[in-house]
There are 2 protein chains.
Amino acid sequence: MARSGEPVKTTTAKPRTRSAGRGRPTKGAGVDLKEAILDSAEGLFARHGFYGVTTRQVASEAGVDTALIHYYFGAKRELFDAVLLRRAEIINRERADAMTAYEASHPGAMTAEGVIAAFIDPLIERALGGGQGWKNWFALVAQINITPAWGGEVMHRFFDPVVRQLVETLGRALPGAAMPDLYWCYQFLTGSMMLTVAETGRIDQLSDGQCHASDLDAARQRLYTYCAGGFEAVVRKSAG
Amino acid sequence: MARSGEPVKTTTAKPRTRSAGRGRPTKGAGVDLKEAILDSAEGLFARHGFYGVTTRQVASEAGVDTALIHYYFGAKRELFDAVLLRRAEIINRERADAMTAYEASHPGAMTAEGVIAAFIDPLIERALGGGQGWKNWFALVAQINITPAWGGEVMHRFFDPVVRQLVETLGRALPGAAMPDLYWCYQFLTGSMMLTVAETGRIDQLSDGQCHASDLDAARQRLYTYCAGGFEAVVRKSAG
DNA sequence: GTCTATAACTGGATAGAC
DNA sequence: GTCTATCCAGTTATAGAC
């Protein structure tokens, strides 16, 4: 960790990684600090929600001053949106690509489980190998998803296209399925998926340590099988 | 609505139902106001979360002064706990009784769907016929459930016994099922169930009006079938 | 039991120095 | 680009009148 050789400050330590000397100082440092602000905001919002976090806390954890947050992002709510947007674009592209690839490689022979795995697996992969930032982001999205005041609007803005693609692809994997059945089952799926990637730790306590929320490898296959079994049971019942 | 014949006040209108004249004034009015405070706190916390609500808002909506909230409940966090507790005891008893009754009436012939229906149906019934208060309470619990900071601890405090009973009863309905499978599948179930009773309105927007979050009668049978199909698929795969 | 008044503090946001 | 200093609206909570 580089430390700037400034006069002693008695305020809280400010660990801050500057873009090591080389390069335009006007840009390099700025990008780093902007990311640092987003990182700390992401973690704090994930743990305590929008109103449970102060811009002072975000600034302190990022090692910057509150004024810098307003300089880069404007109001607190705009910072929040920036946190959401940063990873939404990445993950949505990955999910869309995975579903398209699955359909292309299984012409006329798609299973519900295959489609569902393509839809969810990018999240599990990022949660397993993307570092704490991705984990925080998933926990945050999970909370927004279930908040009446924001769940409808925010989810709509960031996730509608990829969800529509899932429903349509599932419709081709489950021919004859009624649309209301698909929408309801998608809602059930999203509830399970979000609670799983949120890693709340509830399952650790409930199972007396037999299961661990962080063990997404254990959750993964069960989740795909569970959701596919659910879709098929509902579609079967509706048809029969 | 009874209106107290007090001198004109220029402050915001305070519609308040007093316990109509008869009875000890020292108790009657107090109970009413206490419930009014809990009602407005419940609705506001459900929409905006703990930190998104001020005691002033709660007091204003209940038609009382903030000081009265502290007189009855103490700190803001204690008010929050009181909101949770009020309905938790009721619903937990109903769910425990429903599962016990189902098992008693189906000796040696329980289905996963039957057990799950007994576990969830009391929620659906209260959400459909219990008024806005119950709807608010479910939305609030759904949010807490998925909040890392509180989800583990609060859910544990209020819901562990009834969930343990579900898992044990399901174990008897699905003989040979491994415990980790049951715990993981319970987590998937709870995610779907909570998102459904939270009624966020997301499904309305996603389905372009073909489905309505408030149509719990449409959700109910699909949810039971979906969850049972999921449990059975996971258990089957694990055994095979 | 209920309200008025206010203490003591924290919040988001900005102007302006560097 | 970044920080210091500060404004002031809004927050929880309480003391004490009625």
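For clarity, every value in this text was computed on a predicted model and none was experimentally measured. Protein chains get the first letters and strands the later ones, always in sequence-line order, with residue 1 at the start of each. Values below: all heavy atoms of this structure, side chains included; hydrogens, waters and symmetry mates excluded.
- Here dC3(D) presents its P atom at 6 Å from CG of L68(A), a figure rounded to the nearest Å.
- As a whole-Å value, the separation of L79(B) CG from dT11(D) C1' is 15 Å.
- Scanning for side-chain hydrogen bond (donor to acceptor under 3.5 Å, both in side chains) contacts around R47(B) gives an empty result, with sequence neighbours left out.
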The contact string for nucleotides 11-18 of chain C, one letter per nucleotide 5' to 3', using protein heavy atoms under 4.0 Å with B, S and - for base, sugar-phosphate only and none, comes out as BBBB----

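- For N92(B), the side-chain hydrogen bond (donor to acceptor under 3.5 Å, both in side chains) criterion is met by no residue, not counting sequence neighbours.
- For residues 154-165 of chain A, every residue pair satisfying the side-chain hydrogen bond (donor to acceptor under 3.5 Å, both in side chains) rule, not counting sequence neighbours, is listed here: T100(A)-Q165(A), E153(A)-R157(A), H156(A)-D160(A), D160(A)-R202(B).
- A search for side-chain hydrogen bond (donor to acceptor under 3.5 Å, both in side chains) contacts involving E199(B) returns K135(B), not counting sequence neighbours.
- Proximity of the aromatic rings of W150(A) and F50(A) is defined here by a centroid distance below 6.0 angstrom, and this criterion is met.
- To the nearest angstrom, C1' of dG10(D) lies 18 Å from OH of Y51(B).
- The OH-C1' distance, from Y71(B) to dG1(C), rounds to 5 Å in whole Å.
- For T147(B), there are no side-chain hydrogen bond (donor to acceptor under 3.5 Å, both in side chains) partners two or more places apart in sequence or in a different chain.
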